[in-house]
Amino acid sequence: MEQSGLPIQETTSVYFNDIIRRDVSPKSVDKLDSAVVDQFNRQVELAFTDEAEETKRRVYYLVPYILQNIDWDEYAIPLEAWQLRFYYQRDRFLRKTGLRYDRFLEHKPLQRAIDRLGLMPEPVFEFILFLKYYYGLRSDLRFSCTEQFDALTEELGRADNESASMDVCIGSKHFRINNHNFIVRMFQAVDRSRLNSSAFVNDFTQGSARDKIRALDYYLVKTLLDYLPTDKSLRRGGRFSQAERNFGLSVLSLCGRLPDTDRENQCGPQNNVTFDKLMRDFAGQPIPFAMELFL
């Protein structure tokens with residue numbers, strides 16, 4: 001169901017970003033305070049009335065993801081008014097991502113992985129759909145020069161001393177600057193007032209686009225594995241279990257990020273190197289909260 005009266009604001013909101021909690025340790029729905037879930041469900045009932053039970057079932061695994069990351073004490077709009085607004089846009093998610101529930105159910109390796117992890121298929125699909133839409137939206141966003149400069153300056157300010165580096169492309173030549181102090185001085189020397197705020201650049205077509213798209217793959221898979229109510233004790237030595245690997249590979253397959261010619265091999269132990277390399281390449285990288293892209 002899509003209601004045109006509740007449009008999504010598909011640009012980052014400085015205010016909303018300021019009330020995102022950055023100190024959250026992912027907690028799945030089975031670990032969330034039942035009183036929090038009950039309160040959330042009451043608001044779903046107010047918002048969706050006759051469709052409330054279906055909606056609660058679909059968003060069950062999304063509840064902790066949505067609630068834990070927002071500092072509700074600082075959020076000026078009460079939850080009653082918010083009413084899971086994103087979910088009114090579900091048809092839009094489906095059109096934009098191209099994901100279909102019937103194809104999800106027909107993906108045998110993914111369904112086997114879901115069964116082995118003790119998960120329910122329907123809320124898993126809704127979580128994938130939600131994240132695929134919002135993380136995918138990151139690759140479509142276009143930023144003005146001023147916005148991009150401010151974002152880079154803020155990121156540079158948060159970087160640990162001596163940790164910053166910069167990739168520079170001049171014509172066909174590509175090189176990296178690793179001198180933190182030089183980069184800081186270079187940014188300080190920029191006259192921000194002379195930047196053209198109407199000149200837009202697509203952040204995912206500059207630099208190493210392939211690495212950025214792979215980062216989105218990592219955000220998607222790692223967020224699901226962190227927040228879904230799976231048995232984390234199955235991991236050995238901090239490494240993901242085979243069922244989790246199969247699940248992650250199957251999600252990438254469903255989203256068109258792996259070849260679809262031989263799912264059994266692409267989404268199984270024979271392809272562990274793909275999953276392990278993705279997790280290793282981006283290990284420790286902060287995962288952006290998808291909902292920064294709306295509200």
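The structure displayed is predicted, hence computed values, not measured ones.
Judged as a salt bridge (Lys or Arg N to Asp or Glu O under 4.0 Å), and not counting sequence neighbours, R116 has no contacts.
Q242 and N272 share a side-chain donor-acceptor pair at under 3.5 Å. Under the 3.5 Å distance criterion, with hydrogens and angles disregarded, a donor-acceptor pair is assigned to the side chains of N265 and D262. Under 3.5 Å, the side chains of N271 and T274 contain a donor-acceptor pair of N or O atoms.
Under the 4.5 Å side-chain criterion, counting only non-hydrogen atoms from C-beta, K212 is not in contact with L216. Looking at heavy atoms from C-beta onward, Y218 lies in side-chain contact with I287 at the 4.5 angstrom threshold. In this structure the side chain of N179 never reaches within 4.5 angstrom of the side chain of I183, judged on heavy atoms. Within the 4.5 Å cutoff, no side-chain heavy atoms of Q266 are placed close to those of S253.
Between L220 and C255, the shortest heavy-atom distance links the atoms CD2-SG, 4.0 Å. Counting all heavy atoms, side chain and backbone alike, L129 lies closest to L99 at CA-CD1, 4.0 Å. Here the shortest heavy-atom pairing between L131 and A290 reads CD2-CB, 4.2 Å.
Applying the salt bridge (Lys or Arg N to Asp or Glu O under 4.0 Å) definition to pairs two or more places apart or across chains, those involving residues 99-109 are R100-D102.
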**Message:** side chain to side chain contact (heavy atoms under 4.5 Å, CB included), that's the test. Do M120 and Y61 meet it? Break it down for me.
**Reply:** CA-CA 9 Å; M120 295 182 291; Y61 293 154; 3.7 Å; yes

**Request:** Go through the steps for K232 and T230 under the test side chain to side chain donor-acceptor pair (under 3.5 Å), then give the verdict.
**Result:** CA-CA 6 Å; K232 307 300 191 290; T230 57; 3.1 Å; yes

**Message:** Working note: F282 + K222, criterion side chain to side chain contact (heavy atoms under 4.5 Å, CB included); need CA distance, chi angles, decisive distance, verdict.
**Reply:** CA-CA 10 Å; F282 298 95; K222 186 65 163 56; over 6 Å; no

**Item:** Derivation and outcome, ring pair (Phe, Tyr, Trp, His ring centres under 6.0 Å), residues Y219 and Y135
**Value:** CA-CA 8 Å; Y219 298 157; Y135 283 145; 5.6 Å; yes

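In this structure, R95 does not pair ionically with D91, as no charged nitrogen and carboxylate oxygen lie closer than 4.0 Å. Between D276 and R245 there is a salt bridge, with a side-chain nitrogen of the basic residue lying less than 4.0 Å from a carboxylate oxygen of the acidic one. Residues R57 and E126 are not paired through a salt bridge, judged by the lack of any N-O separation under 4.0 Å between the basic side chain and the carboxylate.
Using a distance-only test at 3.5 Å, with no hydrogens or angles considered, a donor-acceptor pair links the side chain of Q68 to the main chain of P64. When atom types are taken as modelled, the side chain of Q43 and the backbone of F40 share no donor-acceptor pair closer than 3.5 angstrom. Between the side chain of T55 and the backbone N or O of E51 there is at least one donor-acceptor pair closer than 3.5 Å. The backbone N or O of Y65 lies less than 3.5 Å from a partner atom in the side chain of N69, making a donor-acceptor pair. No side-chain donor-acceptor contact under 3.5 Å links R58 to the backbone of E122.
If you look at Y101 and F104, their ring centroids are closer than 6.0 Å. Note: F93 and Y134 meet the aromatic proximity criterion, with ring centroids under 6.0 Å apart. Centroid-to-centroid, the aromatic rings of F240 and F275 come within less than 6.0 Å.
More than 12 non-hydrogen atoms from other residues, nucleotides or ligands lie less than 6.0 angstrom from NZ of K56.
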